[in-house]
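Each remark here refers to the structure printed beneath this line.
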Amino acid sequence: MAAKCDGNDKPSSGPRASKPATRVLPSPGLHIVATPIGNLADITLRALQVLEDAHVIACEDRRVTVKLLRAHGIATPTLSYHEHNADRVRPAIIERLKKGETVALVSDAGTPLISDPGYKLVRAAQEAGMPVHVAPGPSAALAALVVSGLPTNRFLFAGFLPARAAARRAELTELAKIPATLILFEPARRLPSTLAAMADVLGARQAAVVRELTKLHEEVRRGALTELADHYAAADAPKGEVVILVAGAADGPAEFDEAALDEQLCAALAQTSLKQAVATVSAATGLPRRQIYARALALTGKRAGTQEEV
Ligand code: SAM
């Protein structure tokens, strides 16, 4: 049976008369459809086609989705599927899929399932033997990563940090070990306190705060975590939507503990040549030889160029 909140549903079988004969209708099944994260034009042609041709669109907030649909002249009925009604509505969606309907799933913005509802629906559809398809498109996590200026070869999306300080610190301590760019979603109002906690646990790693992507007030602020924490502590509470990105354990200076480095270097210099000491400490810390070399020169009071090549 269809969920009660369904509107004027399309019939569930037979070709839809309004479609031109040549048009390829999306296959029956559940279609995960990505929608814009701010700019209504950021939607793929295929996403529009699936939304137009689906029997029904399952969405988080119908007001948000209807605005998008209207902007693109789409009149497909919607039904609500959000974290508070998901357990009740999910079986009804699975029944519709079993009848051969095409159901599109969207969230308020970006890609469903990415810190948004949908995971349990995908699992339930697969367990019921129903096909699941995707019309890929925008996601704030990847969009923020590519403008952050941080390494993109390896990254970890960590969703939202816990709101409570102790749990947040515990999670940050875990994340501190990961040698990959960290991507975190964050409510803007919590940005100053979260950055302060991050600077505390992760140190002065390179980071970026990416705000209001694809919107009028899009902003990318880069710098050391400590600088960003200071900036947002002093600034007015930021507005809008925010992603925080931080260099991974091996990428930033968080691992660069000057006192410990000096201790290691002095010990190595006391036993071997400068060249060998630099090589040994570089291998042990993972820090670039050039950086260790500069520090070794400072410690020994020697000038660059007067030493053996490293
Ligand atoms: N599923 C969505 C996606 O794929 O982008 C993310 C949904 S999650 C509930 C919402 C979070 O995404 C926001 O708190 C913010 O961290 C991030 N976000 C969404 N739109 C954004 C934008 N335009 N600029 C920056 N961050 C955004």
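FYI, side chains are in, hydrogens and waters are out, and symmetry mates aren't considered; it's all heavy atoms of this structure. For ligands, and for the atoms within them, numbers begin at 1 and follow the listed sequence.
- Near Ala109, meaning under 4.0 Å from one of its heavy atoms, ligand 1 places the atoms 1 (N), 2 (C), 3 (C).
- If you take CE on Met198 and CG on Leu161, they are separated by 6.0 Å, rounding to the nearest 0.5 Å.
- Taking a cut-off of under 4.0 Å to the non-hydrogen atoms of Lys215, the atoms of ligand 1 that pass are 23 (N).
- The protein heavy-atom contact nearest to atom 22 (C) of ligand 1 is Leu213 N, 3.6 Å.
- Contact annotation: the side chain of Ile244 never approaches that of Phe185 to less than 4.5 Å [non-hydrogen atoms, C-beta and beyond].
- Less than 4.0 angstrom separates some heavy atom of Phe185 from each of these atoms of ligand 1: 6 (C), 8 (S), 11 (C), 12 (O), 16 (O), 17 (C).
- A salt bridge links Lys215 with Glu241: at least one charged nitrogen is closer than 4.0 Å to a carboxylate oxygen.
- Of all atoms in ligand 1, numbered sequentially from 1 with element shown, those under 4.0 Å from a heavy atom of Gly110 are 3 (C), 4 (O), 5 (O).
- Between atom CZ of residue Arg62 and atom CG of residue Asp108 there is a gap of 13.0 Å, rounded to the nearest 0.5 Å.
- Here the protein heavy atom with the shortest distance to atom 26 (N) of ligand 1 is Val243 CG2, 3.4 Å.
- For atom 6 (C) of ligand 1, the nearest non-hydrogen atom from the set Leu113, Ile114, Val210 belongs to Ile114.
- Shown here are the side-chain contact (heavy atoms from CB on, under 4.5 Å) partners of Glu219, two or more places apart in sequence or in another chain: Arg211, Arg221, Tyr232.
- Qualifying side chain to side chain donor-acceptor pair (under 3.5 Å) partners for Arg190, counting only residues two or more places apart in sequence or in other chains: Glu186.
- Here the heavy atom of the protein found nearest to atom 7 (C) of ligand 1 is Asp116 OD2, 3.3 Å.
- A donor-acceptor pair under 3.5 Å links the side-chain atoms of Asn85 to the main chain of Ser80, judged by distance alone.
- In terms of protein heavy-atom proximity, atom 18 (N) of ligand 1 is closest to Ala140 CB, 3.4 Å.
- Under a 4.0 Å criterion applied to the non-hydrogen atoms of Ile37, ligand 1 contributes the atoms 5 (O), 20 (N), 22 (C), 23 (N).
- Considering both main-chain and side-chain atoms, Pro112 never comes within under 3.5 Å of ligand 1 through any nitrogen or oxygen pair.
- Screening Val89, Val103, Leu30 for a side chain to side chain contact (heavy atoms under 4.5 Å, CB included) involving Leu121 leaves a single residue, Leu30.
- Of the listed options Thr111, Val106, Val242, Thr35, Thr111 places a heavy atom closest to atom 3 (C) of ligand 1.
- Counting atoms of ligand 1 from 1 in the listed order, those under 4.0 Å from a heavy atom of Ser139 are 3 (C), 4 (O), 5 (O).
- The closest side-chain donor-acceptor pair between Asp116 and Ser107 falls under 3.5 angstrom.
- Taking atom 21 (C) of ligand 1 as the reference point, the nearest protein heavy-atom neighbour is Glu241 CB, 3.6 Å.
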